[in-house]
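Here the structure is a predicted model, which means the values were calculated and not measured.
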Amino acid sequence: MPDTPEREMAAGVPRPSVDLSVSPVPSPCVSVCRMNPDSGWCEGCGRTIDEIAQWSSMSDEARRAIWAQLAGRLQHA
Amino acid sequence: MSEVLLPPTLRVFERGWLSSNNVLLFDDRHSATLVDTGYVSHGAQTLELVRHALGGRRLTRIVNTHLHSDHCGGNALLKREFGASIVIPPGHADAVRTWDDAALTFAATGQRCDRFMYDALISPGETLRMGSRDWQALSAPGHDPNSVVLWSAEDRVLISADALWQHGFGAIFPEIEGDSGFAEQRAMLDLIVQLGPQLVIPGHGAPFVDVMDALERANRRLDALAASPERNARQVAKVLIKFYLLEVREIAFDALVAHFQSARYFRIINERYFRVPFADFLRRSVAELAAGGAVELGDGVVRNRDD
């Protein structure tokens, strides 16, 4: 990868990519990290506590399955 | 990318960049240890994550790789909730005891951390038993002179803190104060080559097994930074602004200037490298962040961009 200024920034503060074809599938976390007590979903990424806790131990398929639900959850949150 | 399998007695909570990864190790059926506790504003979720994963065990111990706010921000809360003891590397022990703002990095970086007190020290060379494995603490200066990384020779797993990520490493803070950091970081990368880990659990980002690729990238990146200390200083400023934007999400540019005016690292960077009016220094840094897509600037307000 070229070490462009953009690349340099990404190395200093990597940002979540939405490219779900890569492995490991990127984390949806956007550093809000606050649970909504009513929905049980994180207000930033829409995941449940179990999904956040298990993320690093999950298969890429399981991660993609969670990603597929997040947009809908955040819309209704 | 090869499949990553974590040891069964260990869990990693990977979040974004405001909170470091938290590594929970099951010591036995009754107790567990947490390595690093994330940023203070995420404390409630960190507590919930730990509770969820403990499975009836008690958190008896917190170990910090180093005392940056994204690694020890949950210390006070978790100690209060679980009665866990806190183990830190010795370099900042005196500063923690008196909560010495001048020696700790929180005020200098414009970040926050709840005051806590440590209970024990882990010195480089010493071993901690965690998750049914021996972990040796290894000195890891470069990013932070007092940092350690944790090495399990049995599993060949390295908890690398901010000494090595899959794409880079933590900013080299000592250099902006005129102290050596590039040489220490190089020695650190060489040491990791010698150790030959089969799995690295970094301080940020997903655990990874393509360690040699990561080391190659890190060495190239270090070459570039060491060739231009100004570039390193510029990068430190941008990282700290982005970090703050992750916390506050958006802020008026004038308020951003006021916030960082009291942060010692910002004053040092401007005085050493740029020598322009402070607001101009901030404006240029924000513009570079905006050009890279990390933030947006409009109507005098700087907003975080999640990408």
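A salt bridge links A:Arg73 with A:Glu51: the closest approach of a Lys/Arg side-chain nitrogen to an acidic carboxylate oxygen falls below 4.0 angstrom. Taking a cutoff of 4.0 Å between a charged side-chain nitrogen and a carboxylate oxygen, B:Arg217 and B:Asp210 do not qualify as a salt bridge. The pair A:Arg63-A:Asp60 counts as a salt bridge, with a side-chain nitrogen and a carboxylate oxygen less than 4.0 angstrom apart. A salt bridge is defined here as a Lys NZ or Arg NE, NH1 or NH2 lying under 4.0 Å from an Asp or Glu carboxylate O, and B:Asp70 with B:Arg15 fails to meet this definition.
B:Gln198 contributes a side-chain N or O that, together with a main-chain N or O of B:Asp155, makes up a donor-acceptor pair within less than 3.5 Å. Under a 3.5 Å cut-off, the side chain of B:Arg58 and the backbone N or O of B:Phe82 do form a donor-acceptor pair.
Under a cutoff of 6.0 Å and an axis angle of 45°, A:Arg47 and A:Trp55 form a cation-pi pair.
Heavy atoms closer than 4.5 Å to chain A are found in both the backbone and the side chain of B:Leu49. Contact annotation for B:Arg51: neither backbone nor side-chain heavy atoms come within less than 4.5 Å of a heavy atom of chain A. Only the side chain of B:Ala206 comes within contact range of chain A, with at least one heavy atom under 4.5 Å from a heavy atom of that chain.
Of residues 35-43 of chain B, those residues lying under 4.5 Å from chain A by any heavy-atom pair are B:His42.
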